[in-house]
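Let me begin by presenting the structure, written as structure tokens, before commenting on it.
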Amino acid sequence: MELLLFNAFNGLIQGVFYALMALGLALILSLNSVINMAHGGFLVIGAYLAYTLIPYLGFWGALIVGPILAGVIGLLVERALIRPIYKRADPLYSLLLTFGLALIIEDLVRTIWGPQGLPFEVPDIINSPVSSEYFFVTGYRLFVIGITAAAAIGLYLLLRYTLLGIRIRAGTRDLETTSALGVNIYKLRALNFGFGCLLAGLSGVLAAGVLGLTPPMGDSLIMPSFVAIIVGGVGSLFGAVVGGLIIGLAAGITTTYYPAASEAVIYLMMLIVLVVRPRGLFGEEGLFE
């Protein structure tokens with residue numbers, strides 16, 4: 001039973017990273033209509049920038065500034081590379097572009113910080129077990145869950161109750177009408193892309209404290225994050241979070257009984273959802289319908 005709880009909790013933490021990544025992916029896909037294969041690259045950027053800033057800002061400062069810098073870089077990438085292909089209806093262009101960008105980011109990280117893994121130090125005050133019986137439940141892991149929940153709630157409030165959020169939701173439903181009403185859709189898409197990259201950067205900083213820092217660390221999270229969107233439902237931010245938690249928990253539980261199938265079960269769940277409910281568990285038209 002203790003082994004089951006250990007693997008289930010580890011799977012839940014992994015699912016939290018999937019959920020946070022999926023939130024950013026769903027946000028970008030809904031408004032920008034971009035299949036962002038470089039999302040894992042922005043995760044790596046956020047993590048390594050935070051690692052570099054820790055000696056100057058401390059862990060807490062780096063936790064804030066690292067994701068923000070990833071979002072700013074996302075803004076620049078959107079302006080220089082993504083914006084010119086918006087008029088191309090075929091999503092294959094954005095997929096190939098961002099896939100190439102992901103490879104470039106990984107090589108740049110290897111060049112700047114080296115190919116070997118780096119330790120990401122977490123303050124001892126939150127890195128110790130909260131229970132002597134359940135040693136795997138550490139303060140940092142609970143902190144990761146809390147930060148992810150806060151980010152999801154904050155994003156919901158932003159989209160629901162702010163002018164920017166209302167414009168993003170309106171653009172998701174009908175971009176042409178939103179533009180006709182005087183909204184600068186290029187600026188709107190840029191900010192939306194930046195927010196998505198910021199969430200990826202936040203996921204990277206949090207994941208580095210559990211998984212460590214390696215240049216390809218985003219590769220192990222990007223595909224399950226896409227699966228989380230499909231399972232939860234394309235167009236549903238709530239579904240992206242639930243989908244990430246479900247597949248992470250399922251993979252953790254499967255590890256207890258059949259470790260070789262821990263990754264395959266994620267894609268098996270996607271297959272079942274696509275057959276039974278093709279739009280996903282919570283998939284509807286628009287973000288919050």
Side-chain angles (χ1 to χ4, degrees), residues 8 11-37 39-40 43 91 94-95 144-162 164-175 178 188-189 192-193 195-200 202-203 206 221-254 263-289:
L12 179 64
I13 296 300
Q14 197 81 1
V16 166
F17 299 142
Y18 298 155
L20 199 51
M21 284 279 285
L23 268 179
L25 282 169
L27 200 61
I28 291 172
L29 182 60
S30 296
L31 179 62
N32 297 71
S33 300
V34 171
I35 304 172
N36 187 17
M37 297 299 295
H39 208 63
L43 176 148
S94 66
L95 191 151
V144 166
I145 295 174
I147 288 293
T148 301
I153 293 171
L155 180 61
Y156 173 83
L157 295 176
L158 172 74
L159 293 175
R160 177 62 72 176
Y161 297 110
T162 68
L164 174 61
I166 292 171
R167 288 176 173 177
I168 289 175
R169 289 164 53 207
T172 299
R173 289 169 172 81
D174 192 334
L175 197 60
T178 303
L188 190 66
R189 277 177 154 177
N192 187 72
F193 194 90
F195 272 125
C197 294
L198 185 150
L199 290 172
L202 177 60
S203 179
L206 295 176
L221 297 174
I222 183 66
M223 290 311 298
S225 300
F226 277 113
V227 173
I229 294 176
I230 296 171
V231 171
V234 176
S236 172
L237 297 184
F238 177 73
V241 174
V242 173
L245 296 178
I246 288 175
I247 65 173
L249 194 58
I253 293 173
T254 303
E263 184 174 350
V265 71
I266 295 176
Y267 301 98
L268 177 61
M269 291 183 66
M270 180 182 69
L271 176 62
I272 293 172
V273 169
L274 287 175
V275 171
V276 176
R277 187 178 170 88
R279 66 184 183 185
L281 298 178
F282 302 95
E284 298 285 351
E285 290 290 332
L287 285 173
F288 292 103
E289 294 180 358

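Owing to the predicted nature of the structure, the values given are computational and were not obtained by experimental measurement. Position 1 is the first residue of the sequence; numbering continues from there.
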Using the rule given for side-chain contact (heavy atoms from CB on, under 4.5 Å), can you reason through Leu206 versus Val16, listing the C-alpha separation, both sets of side-chain angles and the distance that settles it, and then say yes or no? CA-CA 10 Å; Leu206 295 176; Val16 166; 6.0 Å; no

For [X] versus [Y], what's the shortest heavy-atom pair and its separation?
X	Y	answer
Ala251	Val265	CA-CG1, 3.8 Å
Ile229	Ala26	CD1-N, 3.7 Å
Leu199	Ala151	CD2-CB, 4.4 Å
Asn192	Ile28	ND2-CA, 3.7 Å
Ser203	Met21	OG-CG, 3.5 Å
Ile246	Met269	CG2-CE, 3.1 Å

Distance check, rounded to the nearest 0.5 Å: [X] atom [atom1] versus [Y] atom [atom2]?
X	Y	atom1	atom2	value
Leu249	Leu12	CG	CG	6.0 Å
Arg169	Thr162	CZ	OG1	9.0 Å
Leu23	Leu27	CG	CG	8.0 Å
Leu31	Arg167	CG	CZ	12.5 Å
Leu158	Ile168	CG	CD1	6.0 Å

For Phe195, does the CZ atom have more than 12 heavy-atom neighbours from other residues, nucleotides or ligands under 6.0 Å away? no

Hey, is the main chain of [Y] close enough, under 3.5 Å, to the side chain of [X] for a donor-acceptor pair?
X	Y	value
Asn36	Leu25	no
Ser94	Pro91	yes
Thr178	Asp174	yes

Among Val273, Leu274, Ile272, Ile266, find the one that has a side-chain contact (heavy atoms from CB on, under 4.5 Å) with Met270. Leu274

With side-chain contact (heavy atoms from CB on, under 4.5 Å) as the test, would you mind laying out the steps for Phe17 and Val144 before giving the verdict? CA-CA 9 Å; Phe17 299 142; Val144 166; 3.6 Å; yes

Stepwise, does the side-chain contact (heavy atoms from CB on, under 4.5 Å) test hold for Met223 with Tyr267? CA-CA 10 Å; Met223 290 311 298; Tyr267 301 98; 3.5 Å; yes

Answer yes or no: is there a side-chain heavy-atom contact under 4.5 Å between [X] and [Y]?
X	Y	value
Leu221	Gln14	yes
Val234	Leu29	yes
Leu188	Leu164	yes

